[in-house]
Peer 1: 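Dumping the structure here so I can ask a few things about it.
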Amino acid sequence: MESSNPQPPRPSPSPALSLDARLGVDTRLWAKVLFTALYALIFALGTAGNALSAHVVLKGRAGPPGRLRYHVLSLALSGLLLLLVSVPVELYNFVWFHYPWAFGDLGCRAYYFVRELCAYTTVLSVASLSAERCLAVCQPLRARRLLSPRRTRRLLSLVWAASLGLALPMAIIMGQKYELETADGEPEPASRVCTVLVSRTTLRVFIQVPSTSAPGSPTPSHVELTSEERRTPPLGGQASLVRHKDSCRLRRLQHSVQVLRAIVAVYVFCWMPYHVRRLMYCYVSDDGWTGTLYNFYHYFYLVTNTLFYVSSAVTPVLYNVVSSSFRKLFLKALGSLCREHHRMEP
C-alpha cells in the first residue's frame, strides 16, 4: 500500500553486498534527479498557491461568497499540510535514501497519519462543496433557506473531525521495523524502514472500508437545469425580462456545473493511479512479486505519488476558475507580494 518496498525476490543477504542490493531496492540516478525536479516544482507551486489562497480568504474583506470561502480555506489548508509534511519526507527517504528510515517510529506513524488525514479532508471537502452546489442548482429556494456561512463552518468542522477519526487507524497499522538481522541475530540498524505492521488481510480492511476514492458527485444535466427553470412560467408583460434573467441564471448554473465536473475530473485523474497502486500492494501475494513486477511497482509508486501531490498543487487554479472575485483578490495579493519583493531588492 503505502510502502515503496514490498517483499521482492532478493539475492542472498551476503554482507559483501550493498544494503540496497541485499534489500532489493535500486532507484536509478536519472529517476532520482527527475522526480526530485518534479517534487521541487510541485512543492514550490503548491505551497505558494495554497498559502496565498489561505491568505486571500483570511485577510480579504471581499472575495468569494461566504460559503465558498470556507471550502477554499479547508482545501487550501489540507493541500498545504500535505505538501509541507509529505513531500520533503518522501523525497529524502523514498526517492534518495531508502534505508535507514530517519524519522523514528513516531515520525513514521505521524507521516502516514497526516497523509491519510489530508486525503480524507480533501475528499469530504470536495463532496460537501459538490452537495451544496447541486442543492443550489436543483433546489435554489430550499438552498437559500438551508445554506448559510454558519452551517458551512459547522459542516467543514465536522469534515475535519471525521477525517481525524478515519485517519487514526493509519497511525496504528504503520510503524518502524527492521528488514535484516546481524550475524548475532540482532536487528540491523541500517535496514530500518517505515512500513505496514499488520497482515495484508487486515490492511485490505483499513484501505477499502471506508474507501478514500476520488471524490464524485452527481451533477444535474442540461435537461434538468432547463426543466428547473421552466417550472414556473412567466406571466404578464414582464415575460421578456424574466426570460432574460432566467437565461442569464441558466448560463451561470451551467458554468457552475461545468466547473464542478472539472474539479471531480482532476481528482479522478490524479488519484485513480494512487489507489490502484494501494490495491496492488494489498492483493499481490508475496510469492507473486517477481523481479519485473517489483521494478514496475517501485517506479509506479513514484509516479502515482507525484500525481497525488499534483492534485494539491492545482487546487488554487480551480479556486480561481470557480470565483471571479476570488481570482481578482488572488492576483491582487500576488501583485502586492511582487511589489514588496522589488522594494526589498537593493
Peer 1: Checking side chain to side chain donor-acceptor pair (under 3.5 Å) between Ser78 and each of Asn50, Thr122, Thr121, which is the one that passes?
Peer 2: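 For Ser78, the side chain to side chain donor-acceptor pair (under 3.5 Å) check succeeds only for Thr122.
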Peer 1: Which residues satisfy the ring pair (Phe, Tyr, Trp, His ring centres under 6.0 Å) test with Tyr39, sequence neighbours excluded?
Peer 2: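 By the ring pair (Phe, Tyr, Trp, His ring centres under 6.0 Å) rule, Tyr39 matches Tyr309.
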Peer 1: Which heavy-atom pair separates Ala76 from Ala54 by the least distance, and what is that distance?
Peer 2: CB-N, 4.2 Å
Peer 1: Checking Asn305 side chain against Tyr274 main chain: does a donor-acceptor pair fall under 3.5 Å?
Peer 2: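 No, the answer is negative, given that no donor and acceptor are paired below the 3.5 Å cut-off.
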Peer 1: Taking atom CG of Leu106 as the centre, does the number of heavy atoms from other residues, nucleotides or ligands within less than 6.0 Å exceed 12?
Peer 2: no
Peer 1: Would you please indicate if the ring centroids of Trp101 and Phe103 are separated by under 6.0 Å?
Peer 2: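 Between Trp101 and Phe103, the centre distance is under 6.0 Å.
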Peer 1: Hey, do the aromatic rings of Phe97 and Tyr92 have their centres closer than 6.0 Å?
Peer 2: yes
Peer 1: Checking Phe300 now: which residues fulfil ring pair (Phe, Tyr, Trp, His ring centres under 6.0 Å) with it, not counting sequence neighbours?
Peer 2: Phe296
Peer 1: Share the residues that join Leu41 in a hydrophobic cluster, the rule being Ile, Leu, Val, Met, Phe, Trp or Tyr side chains under 4.5 Å apart at the heavy-atom level.
Peer 2: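 Besides Leu41, the hydrophobic cluster comprises Leu45, listed by chain and residue number.
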Peer 1: Does some side-chain heavy atom of Leu168 sit less than 4.5 Å from a side-chain heavy atom of Leu117?
Peer 2: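 No, too far: nothing below the 4.5 Å cut-off.
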Peer 1: So do Leu75 and Val126 actually touch side chain to side chain, heavy atoms under 4.5 Å?
Peer 2: yes
Peer 1: Restricting to non-hydrogen atoms, name the atom on Ser125 and the atom on Val159 that form the minimum distance, rounded to 0.1 Å.
Peer 2: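 Smallest heavy-atom distance, with atoms named: OG-CG1, 3.8 Å.
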Peer 1: Return the minimal non-hydrogen interatomic distance between Gln176 and Leu197, and the atom names on each side.
Peer 2: O-CD2, 4.3 Å
Peer 1: Suppose the criterion is disulfide (SG to SG under 2.5 Å): which pairs have a residue in residues 78-109, not counting sequence neighbours?
Peer 2: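 Qualifying pairs, neighbours excluded: Cys108-Cys194.
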Peer 1: Parallel under 30°, tilted from 30 to 60°, perpendicular over 60°: which one fits the rings of Tyr112 and Phe94?
Peer 2: perpendicular
Peer 1: Identify the heavy atoms of Thr47 and Leu83 that sit nearest to each other, and give their distance.
Peer 2: N-CD1, 3.7 Å
Peer 1: Looking at Leu124, is its backbone amide N or carbonyl O close enough to the side chain of Ser128 to form a donor-acceptor pair, meaning the two atoms are under 3.5 Å apart?
Peer 2: yes
Peer 1: OG1/Thr195 to CE/Met174 distance, rounded to the nearest 0.5 angstrom?
Peer 2: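 Answer rounded to 0.5 Å: 5.5 Å.
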Peer 1: Quick one, Arg192 and Tyr99 - any side-chain contact, counting heavy atoms below 4.5 Å?
Peer 2: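 No, side chains not in contact.
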Peer 1: On a heavy-atom basis, which atom in Pro100 and which in Asn93 lie closest, and how many Å separate them?
Peer 2: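 Minimum heavy-atom separation between Pro100 and Asn93: O-ND2, 3.3 Å.
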Peer 1: In chain order, what residues pass the disulfide (SG to SG under 2.5 Å) check against Cys118, with sequence neighbours excluded?
Peer 2: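 Once residues adjacent in sequence are excluded, Cys118 has no partner under the disulfide (SG to SG under 2.5 Å) criterion.
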Peer 1: Could you tell me whether the side chain of Val284 reaches within less than 4.5 Å of the side chain of Tyr297, counting heavy atoms only?
Peer 2: no
Peer 1: Return the minimal non-hydrogen interatomic distance between Asp105 and Arg109, and the atom names on each side.
Peer 2: OD2-NE, 2.9 Å
Peer 1: Quick one, Leu91 and Phe35 - any side-chain contact, counting heavy atoms below 4.5 Å?
Peer 2: no
Peer 1: What residues form a side-chain hydrogen bond (donor to acceptor under 3.5 Å, both in side chains) with Thr306, not counting sequence neighbours?
Peer 2: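 Counting only residues at least two positions away or on another chain, Thr306 forms no side-chain hydrogen bond (donor to acceptor under 3.5 Å, both in side chains).
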